[in-house]
Protein chains: 2
Amino acid sequence: MTSSSPPPALAHSAGVAHAHKGDGDVLRCLVCDIRNRSLCSSMDEEGLAALAHSSRQLQLPPGTTIVEEGEPALAFFNVTGGTVKLFKSLPDGRRQITGFADAGQFLGLSTAQTYSFGAETVDNVRLCRFLRPQLETLLSDYPTFERRLLAAVTDKLAEAQEQMLLLGRKTAREKVATFLLDRMRAYHLTMGHTRQEVENLASVPMTRVDIADYLGLTIETVSRTISAFRRSHLIASAENHRIRILSVATLLTIASGQKPD
Amino acid sequence: MTSSSPPPALAHSAGVAHAHKGDGDVLRCLVCDIRNRSLCSSMDEEGLAALAHSSRQLQLPPGTTIVEEGEPALAFFNVTGGTVKLFKSLPDGRRQITGFADAGQFLGLSTAQTYSFGAETVDNVRLCRFLRPQLETLLSDYPTFERRLLAAVTDKLAEAQEQMLLLGRKTAREKVATFLLDRMRAYHLTMGHTRQEVENLASVPMTRVDIADYLGLTIETVSRTISAFRRSHLIASAENHRIRILSVATLLTIASGQKPD
DNA sequence: CGCATAGTTGAAAGTTTTCAAAAGAGGTGG
DNA sequence: CCACCTCTTTTGAAAACTTTCAACTATGCG
């Protein structure tokens with residue numbers, strides 16, 4: 001709820017306009033440039049064709065609601081481009097962002113009838129949508145795919161535990177340092193190659209509100225902490241919502257709970 | 001690290017003494033009283049025999065280390081009795097308990113070579129241990145078991161997200177109220193039948209230190225908050241590390257972020 | 001060019017933590 | 001069976017980190 005445009009309902013409105021029919025191009029998955037970094041890497045050529053048939057590709061603008069808390073859990077998504085935020089809210093509006101899903105990450109898994117979380121695009125997002133029954137079929141037909149999903153969810157759980165440590169036990173300073181390093185890693189991953197120019201850059205497409213809601217802080221504290229890092233020459237601003245990390249080592253020390261200035 | 005006895009290394013010492021050979025009694029799983037509430041519910045009779053063959057049953061005293069952060073991830077566990085705490089630590093000793101695994105819950109899943117978390121018994125714990133290769137075999141041989149595990153991990157992830165909301169956005173008061181209600185639900189689940197006498201009782205076998213490390217608070221704040229609830233007659237002490245919840249409705253209101261006293 | 005939104009900075013307020021000490025609980029041994 | 005010791009829990013007061021409230025600056029889009 002931070003973008004200027006009012007969040008459209010779901011893929012039914014904004015997304016479908018750009019949607020490619022699931023059975024339109026069987027090659028879609030075969031030529032997908034991030035498939036090696038996603039669940040789809042578990043598939044052979046036949047499996048990739050099945051994936052293409054089972055899914056629709058959507059292209060969504062910033063601030064679009066993908067999944068609404070409490071709504072029927074009808075679909076599963078694989079992010080192929082951009083960044084999605086996942087969150088949970090309290091009745092009075094307090095919100096916790098539980099994670100950012102960058103390209104190659106999945107979202108929307110649920111054993112309950114309804115989603116227990118919301119999801120919204122941060123920037124321009126491309127994703128593949130699988131309806132529940134189609135996902136179930138894929139899991140049954142392709143054991144390697146199911147095994148890969150199990151591994152992916154297991155990794156997400158480990159990530160969540162790491163975030164719990166951050167939320168429950170780290171100081172504001174430590175939280176922000178951790179966040180910046182995580183964003184640097186995420187950027188390196190989505191860029192694939194760790195090119196010279198990309199090195200030590202962190203992609204931060206989300207607003208201060210989102211960062212605050214992710215770290216369990218207020219926007220003011222986030223802003224102050226980032227300013228302090230900048231003053232200490234630990235980081236510097238870069239073009240296009242990016243931050244250059246000038247001292248990875250120091251930030252690592254801070255993030256892990258040791259004091260250095 | 002709350003028990004009086006120094007924590008023994010692992011099953012190798014304390015546990016094995018009480019261990020039952022995996023292939024000792026094929027009936028073990030068949031007669032397990034909590035199997036309907038665990039992963040094992042996905043198994044037919046043949047599968048249950050395979051489970052019994054693949055696992056060892058351990059009986060561990062309070063304060064025993066089950067899994068050590070950073071050690072090779074060699075085994076997977078299913079808790080059949082008692083309560084286990086899972087946690088992550090910072091170098092300076094700060095600790096976050098990421099969850100309590102009661103009877104029927106699993107722990108020890110990892111895609112990495114080493115565990116990214118620690119696990120320790122809270123009280124007397126019974127659990128079934130599966131070595132990695134044996135678990136893999138089970139997953140491959142019994143698709144329903146794998147599907148059930150996927151669902152269980154998915155549920156754990158949803159739980160983790162709920163806990164992130166608590167850690168990042170709830171007040172001390174709201175955190176403790178949520179915790180007490182969760183413990184009441186856990187008690188009802190492990191007791192199976194929601195008998196009259198059991199109603200509104202919460203089982204709290206863990207120390208204040210553990211509660212504090214779970215809620216991202218200090219022991220003093222936890223103690224003060226519980227005392228305040230007691231003074232307000234929202235709760236009352238009961239025998240055997242139990243707490244009687246006198247006003248579930250009020251506690252629910254508080255836990256969900258509304259103000260009531 | 002100007003309004004609107006996002007981000008920054010300052011000062012006061014507040015919730016939680018830290019420091020300290022007393023009270024309670026559990027276990028051991030005389 | 002009670003005394004005693006240790007560990008846990010409770011309670012109080014001061015300190016601290018983060019939040020809240022407020023105002024100002026920067027950035028972006030029509």
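Every chain is numbered from 1, with letters handed out A, B, ... down the list of sequences.
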Got a sec, which residues hit ring pair (Phe, Tyr, Trp, His ring centres under 6.0 Å) with A:Phe87, two or more places apart in sequence or on another chain? none
Whole-Å gap separating C1' (D:dA26) and NE2 (A:His241): 13 Å
Find the distance A:Ile211:CD1 to D:dT18:C1' and express it as a whole number of Å. 17 Å
Going from CD1 on B:Ile97 to CG on B:Leu86, what distance comes out if it is rounded to the nearest 0.5 angstrom? 9.0 Å
Verify the ring-centre separation between A:Phe106 and A:Phe77: is it less than 6.0 angstrom? no
Between C:dA25 (P) and B:Asn240 (CG): distance, integer Å: 14 Å
B:Phe229: which residues meet the ring pair (Phe, Tyr, Trp, His ring centres under 6.0 Å) condition with it, sequence neighbours left out? none
Please encode protein proximity along nucleotides 9-21 of chain C as a string of B, S and -, counting only heavy-atom distances under 4.0 Å. BBB----SBBB--
End axis versus end axis in the helix from C:dC1-D:dG30 to C:dG30-D:dC1, the angle rounded to 10°, five pairs used at each terminus: 40°
Counterpart residues, salt bridge (charged side-chain N to carboxylate O under 4.0 Å, His left out), relative to A:Arg169 (two or more places apart): B:Asp213
Just the rounded figure in Å: distance from C1' of C:dA6 to CG of A:Asp213. 14 Å
Side-chain donor/acceptor pairs under 3.5 Å, residues 177-185 of chain B, sequence neighbours excluded:
{"residue": "B:Thr178", "atom": "OG1", "partner": "B:Lys170", "partner atom": "NZ", "Å": "3.0"}
{"residue": "B:Thr178", "atom": "OG1", "partner": "B:Glu174", "partner atom": "O", "Å": "2.7"}
{"residue": "B:Asp182", "atom": "OD1", "partner": "B:Arg185", "partner atom": "NH1", "Å": "2.7"}
{"residue": "B:Arg183", "atom": "NE", "partner": "B:Ser203", "partner atom": "O", "Å": "2.9"}
{"residue": "B:Arg183", "atom": "NH1", "partner": "B:Asp102", "partner atom": "OD2", "Å": "3.2"}
{"residue": "B:Arg183", "atom": "NH2", "partner": "B:Asp102", "partner atom": "OD1", "Å": "3.1"}

In whole angstroms, how far is the P atom of C:dG7 from the CE atom of A:Met206? 12 Å
Say whether B:Ser237 and B:Arg230, considering side chains only, have a donor N or O and an acceptor N or O under 3.5 Å apart. yes
For the residue pair A:Thr218 / A:Thr221, report whether a side-chain donor-acceptor contact shorter than 3.5 Å exists. yes
What is the distance, to the nearest angstrom, from the CD atom on B:Glu239 to the P atom on C:dA25? 14 Å
Can you tell me the distance, in whole Å, between the CG atom of A:Asp92 and the P atom of D:dT20? 11 Å
